[in-house]
Structure formats: structure tokens, C-alpha cells
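Following: one structure in C-alpha cells, then a few remarks.
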Amino acid sequence: MPPAALQIEDTPKPPTLKKIARQPRAPPAGHPADQPPAQDRIRTPEEAETARDPLAAALFAAGPIVSVMVVGHFVTVNKKPSARWAKLKPKIEAVLQQQLES
């Protein structure tokens with residue numbers, strides 16, 4: 001299967017990174033496929049767990065992430081201001097490749 005990710009982009013906001021995927025990801029477990037998720041911005045690991053969102057949970061586990069937003073083909077990750085993208089980007093990329101390809 002070809003990689004799901006097309007690219008990772010910086011945004012005008014330094015703590016935000018955007019990932020553009022070839023196709024939208026599947027809805028979280030237990031969510032009706034014909035309805036958009038009720039919550040697309042997850043601000044804590046606990047919210048990711050409650051929403052049964054393995055992508056968001058894995059991104060929070062990758063480092064000091066403060067929120068994750070998934071809309072269609074886009075995944076946006078916001079880090080803590082003190083965190084460095086140089087260390088986080090490879091971890092985020094690995095999580096996104098694994099989660100979006102499975």
C-alpha cells in the first residue's frame with residue numbers, strides 16, 4: 001500500500017504542524033461512518049481516550065502535544081511552546097504513517 005501521507009507542512013503558527021494525507025482517515029471506533037465526528041479537536045490524552053481515537057492518543061504519547069485536530073485530509077498537531085519540532089517531527093511522522101496506513 002502506498003504511504004498515506006503526502007506531506008508535512010509548517011504553518012504560520014510556530015507551535016502548529018499540518019499533515020496532509022492522500023485520503024481521510026476512518027472515523028474512530030464506534031463512530032458511525034456516515035456521520036462526521038462530533039469532536040474533531042482533541043485537547044488532552046483523556047479526551048482522546050474518551051473519544052476512542054487511537055490516532056490522537058498515539059500523537060499525545062509521541063511528546064509534549066497540547067491538541068490534535070483531524071478534519072478530512074488534514075491532521076493538525078499543536079505542541080507545547082517549549083518543545084522542539086526537530087525532536088517531535090520524526091515521532092509524529094512515524095505515528096501518522098502507522099495510523100493512517102493501517
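The structure presented is a predicted model; accordingly, all values stated were derived computationally and were not measured.
Applying the salt bridge (Lys or Arg N to Asp or Glu O under 4.0 Å) test to residues at least two apart or on different chains, none of the pairs has a partner in residues 57-86.
Separating the CG atom in N78 from the CE atom in M69 is a distance of 7.5 Å, to the nearest 0.5 Å.
For the pair W85 and I92, the tightest heavy-atom approach, listed with the atom from each and the gap, is CZ3-CD1, 3.6 Å. For the pair I42 and A48, the tightest heavy-atom approach, listed with the atom from each and the gap, is CG2-N, 3.4 Å.
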Which atom pairs, donor and acceptor, lie under 3.5 Å between side-chain atoms of residues 57-66 and protein residues at least two apart or in another chain?
none

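For K89, the side chain to side chain donor-acceptor pair (under 3.5 Å) test picks out D10, with sequence neighbours left out.
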